[in-house]
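What follows is one structure encoded as structure tokens, with my remarks underneath.
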Amino acid sequence: MIIPLHPRLSDSEFRELEEIAGEFGVRIQPIHGHERSIYAILGDETSQDLINRIEGLAYIERIDRIQAPYKLMAKESKLSQHRVKIGSKELPGGFCVIAGHCTIDPNHKEMFLETAFAVKEAGADMLRGGVWKPRTSPHSFQGDARSLDILLEARERTGLPVNTEVMDFEQIKLCVDAKVDSLQIGARSALNYRLLQQVGELTKDTHIKVLLKRSMHMGPVSEFILAAEYVVAQGNPNIILCPRGTVPTIEGFRNSPDESITLLLKERTWAPVVVDPSHSVGKAVYVPNACLAAAGYGADGILVETHCQPKKGLGDDPKQAVTPEVLARIIRDTREIHGLARKY
Ligand code: PEP
Ligand code: MN
């Protein structure tokens, strides 16, 4: 819907608008009210170029879009019945828990294996472990390719599917060749559209999942959904949306918790939502309650950094990883809340 700056467009302004619309194969229908007129776009209004051309006109205040700018991710799309499988769970539907280290320590394989068995015992559906890490400081530990073998050994020995973050083409390729079950695109990479396309291209026609974190700099939920559309448009519909907190505004939390956007995501898209409370609140003692909140908002699962000995961990683990014992309680309680939330 086009909203003009003034109550009504002049004849020449309307003609200019019609000409632009014609170039994009749509028509303009004026709706004359008592005080003001507004102008409907009849046809496919998803073209951003069309919107930019019209919004660029000095006499137009704004456009309120009725059609979503994404096609494949929309609830009405042909993919609306698609389900993403994690272990024995189908999402949406089941409630899935992804747990494990923030960072795998390549020099302490035994520690990761211990955590892997413990999260399995606690009831997790997927094991996570960072091989390569996006770190704010170039002087911090950046991860180590040797950790990929540790992750694969943990999969082999526990039977759990595994998730790890990839930040470039080579890392995607290594993980696809190793048939890593789920590739994480982290918050810092979620705005790297070429990387989103590459992960979609390279995982097309596989069963590999893409777990897409929400960038801390994303605003409207449509921006997040459009990032996922980049992956799906390349032929991989096995996408999981993962809110993980946005730029901090609340002193005390690492980021601004955003689990509540689950409601909006579920209204607009068919894709499963797995919330990451660990990076959102950023402190182990806050994590259990944040997990319960995520389940209450109707999430299809949670991602919880978990470590058998958090104090000895790398990266985020010493501050935000919960122990497997705490994880077991979180899993029990969030599954119950998930059941309750589905009734609303
Ligand atoms: C992580 O999962 O350890 C991580 C770095 O996540 P994010 O991209 O959300 O910061
Ligand atoms: Mn982390």
Side-chain angles (χ1 to χ4, degrees), residues 96-106 111-112 115 119 124 126-138 140-144 147-148 150-151 162-168 171-172 175 180-192 195-196 199 209-218 223-224 227-228 231 239-248 253-259 261-262 265 273-284 286-287 290-291 294 299 301-308 310-323 327:
C96 148
V97 177
I98 303 172
H101 292 190
C102 169
T103 307
I104 301 174
D105 183 341
M111 213 143 63
F112 189 68
T115 297
V119 301
M126 184 179 261
L127 175 65
R128 64 154 282 154
V131 173
W132 303 280
K133 296 305 299 179
R135 303 303 300 276
T136 308
S137 164
S140 303
F141 179 60
Q142 305 284 311
D144 189 317
S147 297
L148 182 57
I150 299 177
L151 186 69
V162 292
N163 172 76
T164 201
E165 175 165 355
V166 284
M167 291 177 286
D168 63 34
Q171 293 171 1
I172 300 173
C175 287
V180 168
D181 306 270
S182 167
L183 304 188
Q184 176 173 313
I185 300 293
R188 291 156 192 80
S189 301
L191 292 167
N192 181 343
L195 188 75
L196 294 172
V199 79
K209 269 60 74 182
V210 177
L211 184 136
L212 176 64
K213 298 271 194 113
R214 182 180 185 215
S215 161
M216 54 282 243
H217 303 295
M218 279 177 180
E223 203 181 340
F224 187 23
V231 178
I239 187 92
I240 301 164
L241 300 173
C242 183
R244 48 79 74 204
T246 52
V247 271
F253 291 153
R254 178 176 177 179
N255 287 289
S256 288
D258 59 350
E259 63 280 333
I261 71 158
T262 302
L265 293 169
V273 179
V274 169
V275 172
D276 168 2
S278 298
H279 292 85
S280 176
V281 293
K283 202 167 176 181
Y286 304 145
V287 169
C291 290
I302 45 174
L303 180 155
V304 190
E305 288 190 337
T306 308
H307 199 292
C308 59
K311 285 182 190 157
K312 294 192 178 164
L314 288 176
D316 296 328
D317 285 326
K319 58 181 182 195
Q320 68 192 31
V322 299
T323 60
L327 179 73

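The model shown is predicted, which means the values in this text are computed figures rather than measured ones. Whatever order the structure lists ligands and atoms in, that order sets their numbers, starting from 1. Index from 1, following the sequence.
- Here the closest non-hydrogen pair linking L127 and G100 is CD1-CA, 4.3 Å.
- At least one N, O or S atom of E305 sits under 2.8 Å from the Mn ion (ligand 2).
- Put simply, CG on L211 and CG on D276 are 8.5 Å apart, with the number rounded to the nearest 0.5 Å.
- Atom NE2 is the N/O/S atom of H279 found closest to the Mn ion (ligand 2).
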(message) Set out, in order, the CA-CA distance, both residues' side-chain angles and the distance that settles salt bridge (charged side-chain N to carboxylate O under 4.0 Å, His left out) for R254 and D316, then state yes or no.
(response) CA-CA 11 Å; R254 178 176 177 179; D316 296 328; 3.1 Å; yes
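- Between V247 and S256 the shortest heavy-atom distance is O-OG, 3.0 Å.
- No other N/O/S atom of D316 lies as close to the Mn ion (ligand 2) as OD2 does.
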(request) Using the side chain to side chain donor-acceptor pair (under 3.5 Å) rule, take H279 and N255 through it: C-alpha gap first, then chi angles, then the decisive distance, then the call. (result) CA-CA 7 Å; H279 292 85; N255 287 289; over 6 Å; no
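- A salt bridge links R128 with E305: the closest approach of a Lys/Arg side-chain nitrogen to an acidic carboxylate oxygen falls below 4.0 angstrom.
- Aromatic ring pairs are classed by plane angle as parallel below 30°, tilted from 30° to 60° and perpendicular above 60°; the pair F253 and Y286 is perpendicular.
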Can you list every pair where an N/O of ligand 1 is under 3.5 Å from an N/O on the protein?
residue	atom	partner	partner atom	Å
ligand 1	2 (O)	R128	NH1	2.8
ligand 1	2 (O)	R128	NH2	3.3
ligand 1	2 (O)	Q184	NE2	2.9
ligand 1	2 (O)	K213	NZ	3.0
ligand 1	3 (O)	R128	NH2	3.0
ligand 1	3 (O)	K133	NZ	2.8
ligand 1	3 (O)	H279	NE2	3.1
ligand 1	3 (O)	E305	OE2	3.1
ligand 1	6 (O)	K213	NZ	2.9
ligand 1	8 (O)	A187	N	2.7
ligand 1	9 (O)	K213	NZ	2.8
ligand 1	9 (O)	R244	NE	2.6
ligand 1	9 (O)	R244	NH2	3.4
ligand 1	10 (O)	R188	NH1	3.0
ligand 1	10 (O)	R244	NH2	2.8

